[in-house]
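These values consider heavy atoms only, across backbone and side chains, with no hydrogens, waters or symmetry-generated copies. Quick note on labels: first sequence line is chain A, next is B, and so on, each numbered from 1. Here the structure is a predicted model, which is why all the values come from computation and not from measurement.
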Amino acid sequence: MKNTIVLFICLHLIVCPIAFGQNEKTLRWAADAEGNAPYIFQDPRIPTEIIGFEVDIVRALSEIIGAKPVFVQNQWDGLIPGLYRGDYDIAINGLEITEDRKKEVNFSNPYYITYLQIVVLRGVDYIQSLSDLSGRKVGALKNSLAERILRAKEEINVVTYEGEVNAFVDMKNGRIEAALVDAPIALYYTATNPEFTMVGEPIGEISYGIALRKEDIRLLEKINRALDELKRSGKLRQILEEWNLWNNKMEVYLDDFSVSKSSPEKYRYFIQSVSKREHFAERIELYFKFMPVFLKAALITLGLSLLSMLLAILAGLILALMRLYGGKVLGFLSVLYIEIIRGTPLLIQLYLIFYALPAIGVKLSPFLAAILGLGFNYAAYEAEVYRSGFLSIPRGQFEAAISLGMTPFQAIWHIILPQTFRVVIPPMTNDFISLIKDSSLVSVITMIELTKVYNQIASAYYDYLGTGLITAGLYLLLGLPFIRLARHFEKRLAIETKPSK
Amino acid sequence: MKNTIVLFICLHLIVCPIAFGQNEKTLRWAADAEGNAPYIFQDPRIPTEIIGFEVDIVRALSEIIGAKPVFVQNQWDGLIPGLYRGDYDIAINGLEITEDRKKEVNFSNPYYITYLQIVVLRGVDYIQSLSDLSGRKVGALKNSLAERILRAKEEINVVTYEGEVNAFVDMKNGRIEAALVDAPIALYYTATNPEFTMVGEPIGEISYGIALRKEDIRLLEKINRALDELKRSGKLRQILEEWNLWNNKMEVYLDDFSVSKSSPEKYRYFIQSVSKREHFAERIELYFKFMPVFLKAALITLGLSLLSMLLAILAGLILALMRLYGGKVLGFLSVLYIEIIRGTPLLIQLYLIFYALPAIGVKLSPFLAAILGLGFNYAAYEAEVYRSGFLSIPRGQFEAAISLGMTPFQAIWHIILPQTFRVVIPPMTNDFISLIKDSSLVSVITMIELTKVYNQIASAYYDYLGTGLITAGLYLLLGLPFIRLARHFEKRLAIETKPSK
Amino acid sequence: MNVILEIKNLTRSIGSTKILKNISLSVQQGELISIIGRSGCGKTSLLRCINCLDAFDEGYLRVGEIVIERGRNCNHRNKNNNESYNVKAYHIRLKVGMLFQTLNLFPNRTVLENITIAPIIVKKEPKEKAIATALELLCKVGLKGFENRYPYQLSGGQSQRVAIARALALNPDIMLYDEPTSALDPELVGEVLNVMKDLDCEGMTQIVVTHAMNFAKTASDYVIYMEQGEIIEMDTPEKIFYNPSDKRTESYVRLFKE
Amino acid sequence: MNVILEIKNLTRSIGSTKILKNISLSVQQGELISIIGRSGCGKTSLLRCINCLDAFDEGYLRVGEIVIERGRNCNHRNKNNNESYNVKAYHIRLKVGMLFQTLNLFPNRTVLENITIAPIIVKKEPKEKAIATALELLCKVGLKGFENRYPYQLSGGQSQRVAIARALALNPDIMLYDEPTSALDPELVGEVLNVMKDLDCEGMTQIVVTHAMNFAKTASDYVIYMEQGEIIEMDTPEKIFYNPSDKRTESYVRLFKE
Ligand SMILES: Nc1ncnc2c1ncn2[C@@H]1O[C@H](COP(=O)(O)OP(=O)(O)OP(=O)(O)O)[C@@H](O)[C@H]1O
Ligand SMILES: Nc1ncnc2c1ncn2[C@@H]1O[C@H](COP(=O)(O)OP(=O)(O)OP(=O)(O)O)[C@@H](O)[C@H]1O
Ligand SMILES: [Mg+2]
Ligand SMILES: [Mg+2]
């Protein structure tokens, strides 16, 4: 893996500096729905919807700007590269305004200011403040303000994590005693997981901003003006209050110390929907609720696999025909294609199609790029499968066909090809099953398919095993109808084509 | 990936508590040769040898104990799990004695005590001590003492890395201004990369110990006694002096302030062998020197792939025969096997074979586990390929054979099977190429194959691109002879079996 | 005399059509029997049943001492004895050789290998002996010098003769020929006929499906006339061709006396 | 009269053996020619060359107005004109129909589809018309009611007749038959013969490879006798069978007059 990653980085540096014009009538905004409440996440009741206070903010902003907001899913790590690939115009997803990031992108004025909060297991009453953490193991998100603050106290044994949830799980398992996390996460997580509780005063200060490309000065101004409007009109406050996120920092920031105006409806909605169920039956019910999302993702994986396989089957046929009947030049080209494509990793091919093609002006949607990448990769394999099928048909069949006045092409198409089906179906079924599994690779080019959705849900509901089993089961199930179909075809063909005595 | 990793952790927890008896006559010791000089690394001149001051220490120790040292390669992260899997008895690889680790394993007394050292680019004269780092970006290894020390100074902007080399590369690119690393690494890296230099006083203190299983009390005592003997006899000092690692901390630790007794021969040997060459020609020469190691690894990958494919071809044949001629029960079992194995990820199958089988008493060597894992996985695919081959042979052939008095088995073996070769060779070549690529997965079960060696060499020589291209080329080359061979066979078979008119 | 092949009330249907109806037949050792009849009347099907390549639905089949019985009354027993059916079929095929209408030569083996493979594998004959027998047989059918050719390098008649040699190499007790001379010119027909006559003298039992009426007339001990899956008449050539007892036979043989 | 097929000095070798030597031949429209000769003498090979399934090495072939010339003198030109060779071969095959010795029915298509597929694809006949022609042909060869069977459901003789019907369905200018009656009983031989005679009356040119001397004697305008890849004699049946001018012909025809 390491080598591919290094290669990716090289490619990225080559490819990224290209920017694309933005469409004025829509506001394409990106976030990672595999995130946590309350930022941007899947509606626990209607998992096809994404909700979150940032979603509300973007809606309100676009209304003021007069543009239609279009959501673009992207991995959190890739939010900034995606900006420069031109996939969207702004990124908003709890992006803390830091000096490092400012070098890469422009930030809008903060739309939310918050702080850190200590979370402990309920009943751990010996921790009440930052100073109580001395000599203890404390968890924090890697490279976050929380980590920096904790490291500053020498006596604290800091343990860093990729995601907050991992810290909470470790705390439950007794490996750490407390965690220092962003307040919104602390609020929402403790509310839905009563075994945890927040303690102590707010610590530090975090400002979230909207990230834009350096060159989009005009859009930055527009966004900042719209943000000012949101602040002025009280809409921002309303959104934050609905999500129960209004705090003293915001009071100071907006210079608005009036009493609360809206009730935290959305907060309540979330709490009620997600609150940890203790019964097995309720967990099953929860899984049933996920089902539509899983099924939708499975459908995407399926559609992706089907279309890719279709492409592979068609392109493979052409390659096989080129190789068998295309003469020297076409035959050589076909062999070259087959050996190069089979010889190099799919991951790199996908990455080239998605990130390098735009450099020569071909910018593909992730879905199309995924289909082309998978399809043309598998085409090399299918070409060989076809060839074996063609070789299995006695030459007499071809001769009979051409002696009946068919052109070689007609003979192959009408007479030979249908007879190869029987021989090519089993290996093609093999390849289709491999393809379904390989399709999870396309998440590197921002496609959201089954594996990606699994990661989103598992991290949103803090349930890896159950959802993991569902996902594994779905993958297995995805292949089955086609195995059945293939078997059915085989049986039918076997009846029709019993070798004549 | 996330889900598989979580699954791995679960499996690991199930599997690891089992310990295995140790063999008294050999001392199996583990380290990661993908490490840095001067600990344990590949001899730059004879890359098939591993050398390093820890290698020398282990040799000296085993001589005293009277056991034959047997080196076991293991990934650094997996050194402690491997101990409990029983793959080896001790682990030694710059393992700092920390409280955390002490909970998991027993540590011998320290065999080396060292400190941290600041490294900067030559010419950066404004950094001379820890205090000069204020307000600057400084690199450190993640979760190391260096990181803890730097974090303690609030004004320092700490950047953490997975490996020291990454920090040095970043420093060259201007992203950090200094790095704080273990002194031996600083010494060896700056010596071979003259653009870097060490500055300032020794900082902090690090003790390296040998890790053992908690239950191996007797072995611990033996090792400690042998270590004492090494210290007493001056052998330890000699080793450290040869590697130019003798320092004040060791003087204090061993209470030995006498003048130097040995010259730093091995240090010089390393420096002379590795010193950065600036000419392209010299770099090519360097690659030539790597070649034997790469070729050896390629041979392992090749052997692994060949043996796995052989197994897959044999087991696949049996599965296909069971499915086609085995009656209801065997046929069902075969289908079940095929669908389950095709439906689940290879990675998990490998992990189960390697880490879960020992729980029921079947402990396989990594090589064997890799072959079985790959072979039995691909067998499911080959079974279907065979089946398509069998279906392509006219039934008259089978009838002719049995009417000549052959048993059905004889008919299949002598008459049908040879005729299927023509049809199955192209899809099997496809699968073999996939298998060569998939074989890099077996590094999860501690096999050292081509990809692993690439990582070792790339990190040892700080050269990712060149060695990466070599590796990619080798993978492509590995497949080619078989593609040629397959084509040759196909041609021969085509001559022999032109369909009779 | 010794009845080596006995068939009683044998029936075989495919789907709803009966392609063999109530066949009864007994053949004594050393006889040469011809089967004649219109295309599609079931001649090939009968041979395939005798050689146990197709299973019949009902009836009784005995080859030497091996008896296979199937049908409504013994259906139940046979289902459990499926294993034993396969074993019996195998032993019958050991005794019976067959020349297929479609020849079915092994395309990936030379002429010599086609002929010697079965003796070597089945009878465990030493290779030299198998080769010697094969060369002798090839000589008899006029294919000296063809031993290293592959089937695709043979003409139609050459292939047919290789297939005959292959079947004869095992020296079976009973030989079944399905139109053995269809692709041969009259000269070769005579030669193959001579081979059969020699074998007849050596005591081999032979059953020949043929459209060559002259052959049936002159060479065979008995002639069977089949129509629509039934045996209409079985008698000596003289009776069948000049004095048939059944009207259907009469109308058929009359056709080519004209 | 109109010479529709003309061959001059045609030679074909496989490896070092010449399987067709210096063949010259001219056939006028509407003639029915029989080719006789020993097994392996090159009859099938000749038909395959006429139908451009195998390329000859040297010589001249004309079918209608299409001329293919190959050989040492025009080797160079032909190499560049490979494309044009394929095109010419295609046009020749459009005019020439062929019945294969091995039949080569399409196993995955029904009898009806086997017969109609070429007219529909090649001649772009409407489906109904193609089916009507096919049914008529099936009736003529005595296979009424077999149209929905698959080839594996046919007996040897039935397959042969389907193959004949398939080749005739295209109504080619020239028909080549390779042993068209080898698997047929005498009754059917008569029927197929009648079909050929009808076609003869309709003016189709037909070339028949056959081992049935009676057929050659009675039905054909001319008989060709081949031996070892050469045309020994081509003449009227009376001359060939009763008064051959070549000794080799004489010794061959004498064989089965006895
Ligand atoms: N699989 C099948 N399904 C349906 N009918 C079949 C099948 N196989 C054979 N038949 C029919 O059974 C009858 C007997 O076939 P068989 O091959 O025994 O004929 P035959 O006497 O050998 O004819 P020929 O002389 O033409 O070879 C034929 O009418 C044929 O159509
Ligand atoms: N691929 C080949 N390689 C070598 N010899 C071949 C090849 N194909 C055919 N022959 C030889 O060419 C000669 C002519 O074959 P052809 O098939 O034309 O004979 P034929 O006259 O049709 O005989 P039959 O009546 O037996 O069908 C035969 O002796 C045959 O062995
Ligand atoms: Mg038959
Ligand atoms: Mg022939």
Side-chain angles (χ1 to χ4, degrees), chain C residues 14-15 17 19 35-45 48 100-103 141-143 145-146 149 151-161 178-179 181-192 209-214 216 225-227 229 251-258, chain D residues 14-15 17 19 35-45 48 100-103 141-143 145-146 149 151-161 178-179 181-192 209-214 216 225-227 229 251-258:
Chain C
I14 296 181
T17 52
I19 60 171
I35 303 181
I36 60 170
R38 289 188 177 80
S39 169
C41 69
K43 305 180 295 294
T44 300
S45 304
R48 288 173 61 86
F100 290 86
Q101 201 167 5
T102 45
L103 310 184
V141 296
L143 286 177
F146 282 70
R149 294 226 188 164
Y152 79 93
Q153 296 173 313
L154 301 175
S155 77
Q158 289 160 351
S159 304
Q160 192 165 34
R161 285 174 280 160
D178 200 351
E179 307 191 15
T181 58
S182 62
L184 302 182
D185 63 291
E187 182 184 17
L188 282 170
V189 172
E191 281 176 25
V192 168
V209 167
T210 187
H211 293 312
M213 293 305 151
N214 268 334
Y225 174 64
M226 286 183 73
E227 199 172 302
S251 71
Y252 183 70
V253 296
R254 200 178 41 213
L255 271 170
F256 39 93
K257 262 192 283 186
E258 289 160 3
Chain D
I14 296 182
T17 53
I19 59 172
I35 303 180
I36 60 171
R38 291 189 174 79
S39 169
C41 69
K43 306 181 292 295
T44 301
S45 304
R48 288 173 60 86
F100 290 86
Q101 202 168 3
T102 45
L103 310 184
V141 295
L143 286 177
F146 281 68
R149 294 224 187 165
Y152 79 94
Q153 296 171 316
L154 301 175
S155 77
Q158 289 161 352
S159 304
Q160 195 164 33
R161 285 175 280 159
D178 200 350
E179 306 191 16
T181 57
S182 62
L184 302 181
D185 62 292
E187 182 184 17
L188 281 171
V189 171
E191 282 176 25
V192 168
V209 168
T210 187
H211 293 313
M213 294 305 151
N214 269 334
Y225 172 65
M226 285 182 73
E227 200 172 302
S251 69
Y252 183 70
V253 296
R254 199 175 46 211
L255 272 169
F256 39 92
K257 263 192 280 186
E258 289 160 5

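- By number of non-hydrogen pairs under 4.5 angstrom with chain C, the leading residue of D:Gly157, D:Ala212, D:Ser159 is D:Gly157.
- Taking chain D as the reference chain and counting heavy-atom pairs below 4.5 Å, the highest number among C:Leu184, C:Val189, C:Ile19, C:Leu188 is found for C:Leu184.
- Heavy-atom distances place both the backbone and the side chain of D:Gln158 under 4.5 Å from chain C.
- Counting heavy-atom pairs closer than 4.5 Å to chain C, the top residue among D:Gly156, D:Ala183, D:Gly190, D:Gly40 is D:Ala183.
- With values rounded to the nearest 0.5 angstrom, C:Arg254 atom CZ is found 11.0 Å from D:Glu187 atom CD.
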Query - CA sep, side-chain torsions, deciding dist, call: D:Gln160, C:Ser39, side-chain contact (heavy atoms from CB on, under 4.5 Å) - result: CA-CA 10 Å; D:Gln160 195 164 33; C:Ser39 169; over 6 Å; no

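- Rounding to the nearest 0.5 angstrom, the gap separating the CE atom in C:Met226 from the CD1 atom in C:Ile36 is 11.5 Å.
- Between C:Gly37 and C:Tyr225, the closest heavy-atom pair is CA-CE1, 3.9 Å.
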